[in-house]
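Working notes for the structure below.
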Amino acid sequence: QVQLVESGGGSVQAGGSLRLSCAASGYISSSACMGWFRQAPGKEREGVARIPIRFGTTFYADSVKDRFTISRDNAQQHILYLQMNSLKPEDTAMYYCAAEDRPSNCIGGWTNAFRYWGQGTQVTVSS
């Protein structure tokens with residue numbers, strides 16, 4: 001069973017930065033796809049960024065391109081990061097880490113069909 005635990009959320013002013021982390025435990029396929037999603041109150045969950053767990057290119061939502069950077073550290077444990085710069089009030093949401101063994105989740109358009117999800121970490125950006 002895969003467990004994902006996010007951390008790093010908080011409250012910042014517009015223009016500020018935060019770095020989210022997601023620690024993954026349990027067995028994850030070497031071809032898995034991992035990603036960050038977010039959900040604001042009253043809105044649907046949306047994809048923010050995704051990355052193959054081993055090799056491959058990153059993919060970002062248009063709304064966060066050039067501001068957010070997704071990265072991973074597979075040295076000892078799979079850790080997923082999301083560096084968020086130039087934060088805007090519209091970035092306010094609960095942020096979730098997700099993992100899926102199928103590599104196809106990192107190809108093509110966004111899908112929410114990830115098997116494993118973290119509990120979420122709140123990000124609040126004030127103007």
Discussion item. Does this structure show an ion pair linking Asp91 with Lys88, if we count only N-O contacts that are shorter than 4.0 Å?
Written reply: no
Side-chain heavy atoms under 4.5 angstrom apart, residues restricted to Ile, Leu, Val, Met, Phe, Trp, Tyr: same cluster for [X] and [Y]?
X	Y	value
Val12	Met94	no
Val123	Leu82	yes
Val125	Phe68	yes
Leu20	Val2	yes
Tyr81	Leu4	no

Item to complete: Flag this pair as yes if the NZ/CZ of Arg38 is under 6.0 angstrom from the six-membered ring centre of Tyr96 and inside a 45 degree cone about the axis; otherwise no.
Response: no
Practice prompt. Tell me, with the steps shown, if Thr111 and Asn105 meet side chain to side chain donor-acceptor pair (under 3.5 Å).
Written response: CA-CA 7 Å; Thr111 175; Asn105 276 41; 4.8 Å; no
Worksheet item: So, for Leu87 and Leu18, which heavy atoms are closest and what is the spacing to 0.1 Å?
Response: CD1-N, 3.9 Å
Worksheet item: Which pair of heavy atoms, one from Ala14 and one from Pro89, lies closest together, and at what distance?
Response: CB-CD, 4.1 Å
Discussion item. Side chain to side chain contact (heavy atoms under 4.5 Å, CB included) for Asp101 and Tyr116? Distances and angles first, verdict last.
Written reply: CA-CA 9 Å; Asp101 289 331; Tyr116 306 107; 4.3 Å; yes
Worksheet entry | Candidate pair Phe37 and Trp117, rule ring pair (Phe, Tyr, Trp, His ring centres under 6.0 Å), full reasoning | CA-CA 10 Å; Phe37 291 76; Trp117 293 86; 5.0 Å; yes
Worksheet item: What distance do Arg50 atom CZ and Thr57 atom OG1 have between them, rounded to the nearest 0.5 Å?
Response: 8.0 Å
Worksheet entry | Glu6 and Trp36: CA distance, side-chain angles, deciding distance, side chain to side chain contact (heavy atoms under 4.5 Å, CB included) verdict | CA-CA 10 Å; Glu6 302 100 332; Trp36 287 98; 3.8 Å; yes
